[in-house]
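Single-structure report; data block below.
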Number of protein chains: 2
Amino acid sequence: MAQTPALAQATAPGAGDTRERLLDAAERLFGENGFDGTSMRALARAAGTGLSAANYHFGSKEALLTAVMLRRINPVNELRMQRLEALEAQAGGAPLRVEAIVDAYLRPVFEIRAAFIQRDSPSPWLAARIYSDPSQAVTKLKRELFVGVQARFLPALQRALPQRDPRDLEVAQQLTTGLLVHVLSGNVSGSGLAGPDGGHDYGRILCQLVDFATAGLTSAPATRPASGGRPA
Amino acid sequence: MAQTPALAQATAPGAGDTRERLLDAAERLFGENGFDGTSMRALARAAGTGLSAANYHFGSKEALLTAVMLRRINPVNELRMQRLEALEAQAGGAPLRVEAIVDAYLRPVFEIRAAFIQRDSPSPWLAARIYSDPSQAVTKLKRELFVGVQARFLPALQRALPQRDPRDLEVAQQLTTGLLVHVLSGNVSGSGLAGPDGGHDYGRILCQLVDFATAGLTSAPATRPASGGRPA
DNA sequence: GTCTATATGTTGATAGAC
DNA sequence: GTCTATCAACATATAGAC
């Protein structure tokens with residue numbers, strides 16, 4: 001529950017040493033302008049240091065992105081896993097409710113995000129930007145960070161919805177991730193996360209996300225086999 | 001129904017003049033690597049011409065992006081409007097079915113896309129990439145191109161779902177766009193659009209998208225007022 | 001219209017002083 | 001550890017020949 005993540009060494013919470021300030025600047029600028037749209041110079045300037053300090057601490061731009069991603073995504077994924085395991089332990093072998101699975105998948109992102117923006121940062125959530133970043137430098141990293149969790153949640157969804165085609169369900173799971181990415185990239189105007197104070201009261205948008213995704217995952221294609229073509 | 005859009009002057013469909021080849025190359029490269037990740041040099045080389053030709057025809061990189069976006073998005077938006085108007089004319093004042101509205105919003109993208117990839121281009125749909133592109137050069141363009149259609153579809157959704165909070169419904173509409181962006185950016189592996197031959201048989205993924213979005217839009221938050229917090 | 005050549009600035013990364 | 005200075009490569013855009 002401390003402000004500093006588990007990876008960082010002990011630092012003063014107000015100032016932070018250079019390495020920490022570089023990570024903070026990278027989180028904000030990569031999130032706002034993307035990987036290709038952020039230069040190491042702009043990044044160092046935002047951290048109040050020189051260009052060489054960034055390369056000294058991280059070695060390369062790509063390594064810096066990896067570091068700042070890991071710092072945030074690891075706690076999120078651990079929390080997701082904990083929530084899902086708690087649900088399964090409580091259910092004792094019975095299938096879980098879809099809404100509970102979705103909540104365990106979505107809520108940790110908002111919780112961790114809210115815990116780390118006591119600063120003035122209503123910037124987009126870095127991981128969401130990276131998820132839809134076309135730069136070749138991030139595609140590998142993307143898969144390494146997100147595939148594991150999705151592979152862990154999919155079987156739970158399949159047990160909760162045994163009547164659905166497993167492949168369709170996998171697509172629906174990825175669509176759920178798409179909803180999350182869209183919101184956290186700041187593309188949903190009424191969400192309360194796109195504005196200047198975005199990110200603190202996430203209750204409403206999270207409920208809407210959970211409802212939307214739960215309905216989409218559960219949606220039996222009942223109307224499909226009846227009507228072959230496009231509705232006129 | 002011709003291969004050449006309304007904006008372009010008559011050109012041979014196989015070869016095309018330099019301007020057309022530049023637009024084709026821009027559509028592919030901007031879609032694959034984003035705005036910042038695509039250089040004018042790489043673009044000219046892909047079009048089989050020199051750097052100066054690109055600047056002669058379009059004046060700047062940003063103007064080239066605008067041109068290639070308009071070439072594809074205008075037909076899509078016109079088709080969306082036509083479909084929605086046809087639905088309303090047929091309904092004669094009665095509210096439309098949600099699924100029909102969603103279909104009118106999503107299907108034209110796939111139809112236009114499939115019509116213009118007789119080439120070897122399984123690349124991401126440019127407009128989807130641009131929608132989540134953080135580059136400042138594209139944000140204005142983005143709004144100009146998409147706000148109109150969304151403003152046109154929202155009232156139809158509100159009439160179809162009068163019991164839903166209009167603001168929640170607007171969020172849900174934007175979430176639907178998020179689903180579309182996610183799929184057309186190539187982030188859904190089982191969709192048939194991420195692979196090498198992606199884009200031609202879009203029937204399955206379109207059905208899944210329509211089902212998911214319809215369920216999400218329709219989803220009455222029935223479970224929400226009963227349970228205040230997170231499900232345990 | 002398209003080319004070669006160039007102007008002008010920025011990029012990521014490094015060398016060496018301190 | 002952090003700085004200034006610098007490298008080689010790349011960026012967008014333009015000038016002028018043809």
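Quick caveat: nothing in here was measured; it's all calculated off a predicted structure. As a basis for the values below, the full set of heavy atoms in this structure was taken, side chains included, without hydrogen atoms, waters or symmetry mates.
For A:Ser60 and C:dG12, the shortest distance from a side-chain N or O to OP1 or OP2 is not below 4.0 Å. Residue B:Tyr56 places none of its side-chain N or O atoms closer than 4.0 Å to OP1 or OP2 of C:dT2.
Cation-pi geometry between B:Arg113 and B:Tyr202 is not met at under 6.0 angstrom from the ring centre and within 45 degrees of the axis.
Remark: DNA chain C takes part in the stems C:1-7 with D:12-18, C:9-18 with D:1-10, each of 3 or more antiparallel Watson-Crick or G-U pairs, criterion distances under 3.5 Å.
Of all non-hydrogen atoms in B:Lys142 and B:Asp133, the two that sit nearest each other are NZ-O, 3.7 Å.
As a whole-Å value, the separation of B:Glu62 CD from D:dA13 C1' is 14 Å. Following rounding to the nearest Å, A:Gln136 (CD) and C:dG12 (P) show an atom-to-atom distance of 17 Å. Between the P atom of D:dT2 and the CZ atom of A:Arg19 lies a distance of 11 Å, rounded to the nearest Å. Counting to the nearest Å, the C1' atom of C:dG12 and the CZ atom of A:Phe30 are 12 Å from each other. Per the geometry, CG belonging to A:Asn55 stands 14 Å off C1' belonging to D:dT6, to the nearest Å. Here D:dA13 presents its P atom at 14 Å from CG of B:Leu22, a figure rounded to the nearest Å. If you take CG of A:Leu64 and P of C:dA13, they are 10 Å apart, rounded to a whole angstrom. Regarding A:Arg45, its CZ atom lies at a distance of 17 Å from the C1' atom of D:dC3, rounded to whole Å.
Between the side chain of A:Ser39 and the backbone N or O of A:Ala42 there is at least one donor-acceptor pair closer than 3.5 Å. Using modelled atom types, one side-chain atom of A:Ser60 and one backbone atom of A:Ala63 make a donor-acceptor pair closer than 3.5 Å. Between the A:Asn187 side chain and the B:Gly178 main chain, no donor and acceptor come within less than 3.5 Å of each other. Between the A:Ser185 side chain and the A:His182 main chain, no donor and acceptor come within less than 3.5 Å of each other. In this structure a side-chain-to-backbone donor-acceptor pair under 3.5 Å is missing from B:Arg129 to B:Gly34.
Among the nucleotides C:dA13, D:dG1, C:dC3, the one closest to the side chain of A:Leu51 is C:dA13. Of the candidates C:dA13, D:dC3, C:dC3, the closest approach to any side-chain atom of B:Thr49 belongs to C:dC3.
A salt bridge links A:Glu32 with A:Arg28: at least one charged nitrogen is closer than 4.0 Å to a carboxylate oxygen. For A:Lys61 and A:Asp36, the salt-bridge test fails: no basic side-chain N is under 4.0 Å from an acidic carboxylate O.
Between the base of D:dA15 and the side chain of B:Ser52 there is a donor-acceptor pair shorter than 3.5 Å.
Within a heavy-atom distance below 4.0 Å of DNA chain D, the residues of residues 33-42 of chain A found are A:Arg41.
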